[in-house]
Amino acid sequence: QVQLVESGGGSVQAGGSLKLSCVRSGYIYSTYYMAWFRQAPGKEREGVAAIYTRAGGTYYADSVKGRFTISRDNAKNTLYLQMNSLKPEDTAMYYCAADTSADGYRWYEKQKYGYWGQGTQVTVSS
């Protein structure tokens, strides 16, 4: 059984940094994309960043470009999200997701992902 477990969330002031981690356990035959999503209260879940595991390409939402960096450590089965220059509007629950099938969805569409973690809360105060 595949599990994704996020950690690293917390409360920081605007301008601060956090690094989220997502550890995968269980066997996945292959992945195409690993991604971070976030959901603020009353809002839709939105794609923040993704990495194409087969070639290493990375993708970011415009709102986080230049501030967030997605990376992975295959040996540790861990996905990371380094978040710098945090803003109050970054406040949300952050979720890790894994895509294991080729389909027509874009990286930022949540329908693409079959595995999700439970989330880790990030709160940024002004």
Side-chain angles (χ1 to χ4, degrees):
Q1 183 176 354
V2 175
Q3 280 192 316
L4 301 175
V5 179
E6 303 94 336
S7 63
S11 297
V12 295
Q13 290 192 325
S17 298
L18 286 172
K19 187 173 184 177
L20 306 184
S21 299
C22 169
V23 178
R24 188 190 80 209
S25 62
Y27 179 72
I28 296 178
Y29 177 71
S30 65
T31 59
Y32 289 79
Y33 288 83
M34 294 289 297
W36 288 98
F37 280 71
R38 67 185 180 187
Q39 188 167 18
K43 293 190 176 181
E44 292 288 319
R45 190 171 297 193
E46 63 172 354
V48 174
I51 188 165
Y52 182 53
T53 61
R54 301 196 167 203
T58 56
Y59 306 86
Y60 297 93
D62 288 343
S63 59
V64 307
K65 276 181 185 174
R67 301 188 297 121
F68 290 12
T69 303
I70 189 171
S71 62
R72 62 190 175 124
D73 184 332
N74 290 336
K76 295 182 179 180
N77 287 332
T78 301
L79 182 72
Y80 301 102
L81 185 68
Q82 177 67 48
M83 306 186 295
N84 298 328
S85 302
L86 283 161
K87 303 176 181 180
E89 50 263 44
D90 295 319
T91 295
M93 186 72 80
Y94 282 70
Y95 298 90
C96 171
D99 161 45
T100 60
S101 63
D103 54 49
Y105 292 109
R106 302 294 181 93
W107 72 264
Y108 49 83
E109 296 180 296
K110 57 183 182 291
Q111 297 90 331
K112 184 174 187 60
Y113 299 88
Y115 295 98
W116 292 87
Q118 292 292 94
T120 185
Q121 177 68 38
V122 172
T123 303
V124 185
S125 58
S126 57

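When reading the values below, keep in mind they use all heavy atoms of this one structure, side chains included, and skip hydrogens, waters and symmetry mates.
Atoms OG1 and CG, on Thr69 and Asn84 in that order, are 6.5 Å from each other to the nearest 0.5 Å.
At least one side-chain heavy atom of Arg24 sits less than 4.5 Å from a side-chain heavy atom of Val2. When side chains are defined from C-beta on, Leu20 counts as touching Val122, because their heavy atoms get closer than 4.5 Å. Side chains of Arg67 and Tyr60 form no contact here, defined as non-hydrogen atoms less than 4.5 Å apart. A 4.5 Å side-chain heavy-atom check between Gln121 and Thr91 finds at least one atom pair inside the cut-off. No side-chain heavy atom of Tyr80 sits less than 4.5 Å from a side-chain heavy atom of Trp36.
Under the 3.5 Å distance criterion, the side-chain polar atoms of Glu6 are matched with a main-chain donor or acceptor of Gln118. Checked by atom type and distance alone, the side chain of Arg45 never pairs as donor or acceptor with a backbone atom of Lys110 at under 3.5 Å. Of the possible donor and acceptor atoms, none in the side chain of Glu46 sits under 3.5 Å from a partner among the backbone N and O of Arg38.
By the rule that hydrophobic residues join a cluster once side-chain heavy atoms approach within less than 4.5 Å of another member, Leu18 and Val124 end up as members of one cluster. In this structure, Leu79 is a member of the same hydrophobic cluster as Val64, with clusters built from ILVMFWY side-chain heavy atoms closer than 4.5 Å. Both Met34 and Val48 are assigned to one and the same hydrophobic cluster, defined by single-linkage of ILVMFWY side chains at heavy-atom distances under 4.5 Å. Ile70 is not connected to Tyr52 by any chain of hydrophobic side-chain contacts under 4.5 Å among Ile, Leu, Val, Met, Phe, Trp and Tyr, and they are in different clusters. Placement of Tyr95 and Tyr32 within a single hydrophobic cluster is found when ILVMFWY residues are connected by side-chain heavy-atom separations under 4.5 Å, directly or transitively.
Tyr94 and Phe68 have tilted rings, their planes meeting at an angle from 30° to 60° on a 0 to 90° scale. Between Tyr59 and Tyr33, the two ring planes are tilted [angle within 30° to 60°].
Counting heavy atoms of neighbouring residues, nucleotides and ligands inside a 6.0 Å radius, atom CD of Glu44 does not exceed 12 of them.
Thr53 and Arg72 get closest at one heavy-atom pair: O-NH2, 2.9 Å. Taking all atoms of both residues into account, the shortest heavy-atom contact from Ala35 to Tyr113 is CB-OH, 3.4 Å. What you find for Glu109 and Arg106 is that their closest heavy atoms are OE1-N, 2.6 Å. Taking each heavy atom of Leu4 and Cys96 in turn, the nearest pair found is CD1-O, 3.8 Å. When every heavy atom of Val23 is checked against every heavy atom of Lys76, the shortest pair comes out as CG1-O, 4.4 Å. When all heavy atoms of Pro88 and Ala14 are compared, the closest pair comes out as CD-CB, 4.1 Å.
Salt bridge Lys87/Asp90: absent, no basic N to carboxylate O contact under 4.0 Å.
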